[in-house]
Amino acid sequence: MYQPYIRGKQFELIGIRELIPEVLVNNRTKVSPIIEPVKNSSTLKTTISGLASNNINFTIIVNPQVGTFNDPSAIFTALRNCIGTYRNYQVGIIFHSRNNHTALLNVLQQNSDLFESLSFIHNVASDNILEILAPYQQHFQIKYNVINLSLTSRRYFRNFERNTLIECDDYFKSQVRNADYLQADESDFSEEHLYYEDEGFAGFSDYLAIGEEYSESGFLPYAVAIHLSYSDTTTNKIKVKHFVSNSNDDQSDIAGKFEEALNKLIAWCDATGYNSVAIPIFREFHANGHFPGLGTLKKLSLMNHIDLVLKLI
């Protein structure tokens, strides 16, 4: 089971929505996106409606820790308006050091007609976690415990039933500047898809080839970088190829910088034979000389990554 962790920004959500017919529908038993909404947008609602109408399981977090859409009651109201009678999903709760569990339990009970199970995202290791879980378990089914490996202790996952365990980490090796990826060329990503079951987990999660770090504002970059996940043919480990523009001295001509990065991506795909749901779209941009905007690059990176992982498991 793969549970890609999606921050609910516009292009990430559009990427999930566009994956539904070609990729997600055919992999219902292998995928369950985790969505942390960051804005009360029409894109969020149409994405949730699309997942529901195609019977694709997902988790929607109701206490987001980033963005402006952080009122659990408001998120339940949005859910109520777009989910209908669909119940094949989990309400997600992020556990962190400042949780008000009484307030969370109250809002969950007030909206208990909307869902059947919970998923906990453990972003902190609590010594009294079983005591914390007890009142939730009294009222609700706990379907998943998503363990953020970098924010919890080594053996923390042993507190939970094995069939609920999802391991999560940020495997994307981000650089300070896009231009720095010129030297990196490619990065190791993960091998969790090979070993998660052997290590006692029912599934695994990552932040794709985007990374966990969240930023509200966009800015014009000096360099354009396209991040493309792929599988090493020898080891089957996932790596990320970085295709970066060369004319990176200033912030002018973003379309030209994109063309430079795209030329490298197309040449690499031609040489290696790599293909995914995203590659024909990149080829179309290349053939037409079209710059779709920086948000679309992140969307296609997301689509490529999820498509790749689902082919590997």
Side-chain angles (χ1 to χ4, degrees), residues 1-8 31-38 57-67 69-73 75-76 79 87-112 114-171 190 192-193 195-208 211-214:
M1 167 67 71
Y2 176 47
Q3 298 195 1
Y5 196 108
I6 313 298
R7 293 276 168 60
V31 66
S32 176
I34 301 170
I35 300 174
E36 183 176 8
V38 300
N57 184 265
F58 64 93
T59 293
I60 179 75
I61 293 170
V62 296
N63 67 329
Q65 299 305 294
V66 295
F69 194 30
N70 49 23
D71 178 3
S73 294
I75 294 173
F76 272 117
L79 265 177
R87 296 295 178 268
N88 181 25
Y89 72 99
Q90 299 74 238
V91 164
I93 301 290
I94 295 177
F95 281 0
H96 53 81
S97 59
R98 305 174 308 281
N99 281 120
N100 183 335
H101 293 289
T102 300
L104 283 170
L105 279 162
N106 284 340
V107 75
L108 290 173
Q109 289 174 310
Q110 290 166 8
N111 295 278
S112 60
L114 269 182
F115 64 96
E116 296 178 353
S117 58
L118 297 177
S119 180
F120 294 129
I121 293 85
H122 297 265
N123 284 352
V124 66
S126 301
D127 291 337
N128 62 334
I129 186 60
L130 298 182
E131 180 183 333
I132 291 171
L133 287 179
Y136 290 98
Q137 292 172 318
Q138 182 180 350
H139 298 284
F140 306 104
Q141 174 193 356
I142 313 304
K143 189 167 183 180
Y144 295 118
N145 285 285
V146 182
I147 313 299
N148 192 321
L149 299 179
S150 64
L151 298 177
T152 57
S153 58
R154 180 181 176 186
R155 295 183 177 88
Y156 186 70
F157 70 93
R158 296 181 181 272
N159 288 295
F160 314 102
E161 295 291 332
R162 178 170 178 160
N163 65 347
T164 72
L165 285 173
I166 307 293
E167 60 165 308
C168 178
D169 213 336
D170 180 8
Y171 301 102
S190 82
E192 303 312 305
H193 61 290
Y195 303 115
Y196 72 95
E197 291 178 309
D198 295 341
E199 295 176 351
F201 292 89
F204 63 101
S205 177
D206 59 42
Y207 294 88
L208 310 111
E212 183 178 9
E213 184 176 347
Y214 175 80

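Just so you know, residue 1 is the first one in the sequence shown, and it goes up from there.
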Of all residues at least two apart in sequence or in a different chain, which pass the side chain to side chain contact (heavy atoms under 4.5 Å, CB included) check with Asp198?
Tyr195
To the closest 0.5 Å, what do you measure between CD (Gln141) and CG (Leu118)?
8.5 Å
State, yes or no, whether a side-chain contact exists between Leu114 and Tyr89 at a heavy-atom distance under 4.5 Å.
yes
With sequence neighbours excluded, residues passing side chain to side chain contact (heavy atoms under 4.5 Å, CB included) with His139:
Gln109
Close side-chain approach of Phe76 to Val91, heavy-atom, < 4.5 Å:
yes
Please state whether the rings of Phe204 and His193 are parallel, tilted or perpendicular, taking 30° and 60° as the class boundaries.
tilted
Any donor-acceptor N/O pair, Asn145 side chain to Thr164 backbone, under 3.5 Å
no
According to side chain to side chain donor-acceptor pair (under 3.5 Å), who are the partners of Thr152, at least two apart in sequence or on a separate chain?
none
Within a 6.0 Å radius of atom CG on Asn128, are there more than 12 heavy atoms belonging to other residues, nucleotides or ligands?
yes
Across all chains, not counting sequence neighbours, the salt bridge (Lys or Arg N to Asp or Glu O under 4.0 Å) partners of Glu36 are Arg7
Is a side-chain N or O of Tyr171 found less than 3.5 angstrom from the main chain of Leu208, in a donor-acceptor match?
no
Working to the nearest 0.5 Å, report the span between CE of Met1 and OG of Ser205.
11.5 Å
Exam field: side chain Ser32 to backbone Gln3, donor-acceptor pair closer than 3.5 Å
no
Looking only at heavy atoms, which two atoms of Leu165 and Gly200 are closest? And how far apart?
CD1-O, 3.5 Å
For the residue pair Tyr2 and Asp206, confirm or rule out a side-chain donor-acceptor distance under 3.5 Å.
yes
Sub-4.5 Å side-chain heavy-atom contact between Pro64 and Ile75:
yes
Begin with the C-alpha distance, continue with both residues' side-chain angles, and end with the deciding distance and a verdict on ring pair (Phe, Tyr, Trp, His ring centres under 6.0 Å) for Phe157 and Phe201.
CA-CA 9 Å; Phe157 70 93; Phe201 292 89; 5.1 Å; yes
Do Asn57 and Gln90 pair up side chain to side chain, a donor and an acceptor below 3.5 Å, judged on atom types alone?
yes
Run the ring-centre check on Phe115 versus Phe140 and record whether the distance is less than 6.0 Å.
yes
Distance from Ser153 atom OG to Asn159 atom CG, nearest 0.5 Å?
7.5 Å
Within the structure provided, determine whether Ile60 and Leu79 are in side-chain contact (heavy-atom separation under 4.5 Å).
yes
Using the rule given for side chain to side chain contact (heavy atoms under 4.5 Å, CB included), can you reason through Asn99 versus Leu104, listing the C-alpha separation, both sets of side-chain angles and the distance that settles it, and then say yes or no?
CA-CA 8 Å; Asn99 281 120; Leu104 283 170; 3.6 Å; yes
OG of Ser119 to CD1 of Ile142: how many Å apart, nearest 0.5 Å?
9.0 Å
For Arg158, enumerate each residue passing the side chain to side chain contact (heavy atoms under 4.5 Å, CB included) test, keeping only those at least two apart in sequence or located in another chain.
Arg155
I'd like to check Ile129 versus Phe160 (side-chain heavy atoms, cut-off strictly below 4.5 Å). Are they in contact?
yes
Partner residues of His101 under the ring pair (Phe, Tyr, Trp, His ring centres under 6.0 Å) criterion, sequence neighbours left out
Phe95, Tyr136
Calculate, to the nearest 0.5 Å, the distance between atoms CD1 and SG belonging to Ile34 and Cys168 respectively.
6.0 Å
Would a 4.5 Å heavy-atom cut-off, applied to side chains only, mark Ile93 and Ile61 as touching?
no
Please examine the side chains of Asn70 and Val38, heavy atoms only from C-beta on, and report whether any two atoms are closer than 4.5 Å.
no
Measuring from Asn148:CG to Asn123:CG, what's the distance to the nearest 0.5 Å?
4.5 Å
For His122 and Val124, indicate whether the former's side chain and the latter's backbone hold a donor-acceptor pair under 3.5 Å.
no
Ile94 and Gln65, any side-chain heavy atoms less than 4.5 Å apart:
yes
For Glu213, is the CD atom crowded, meaning more than 12 foreign heavy atoms sit under 6.0 Å from it?
no
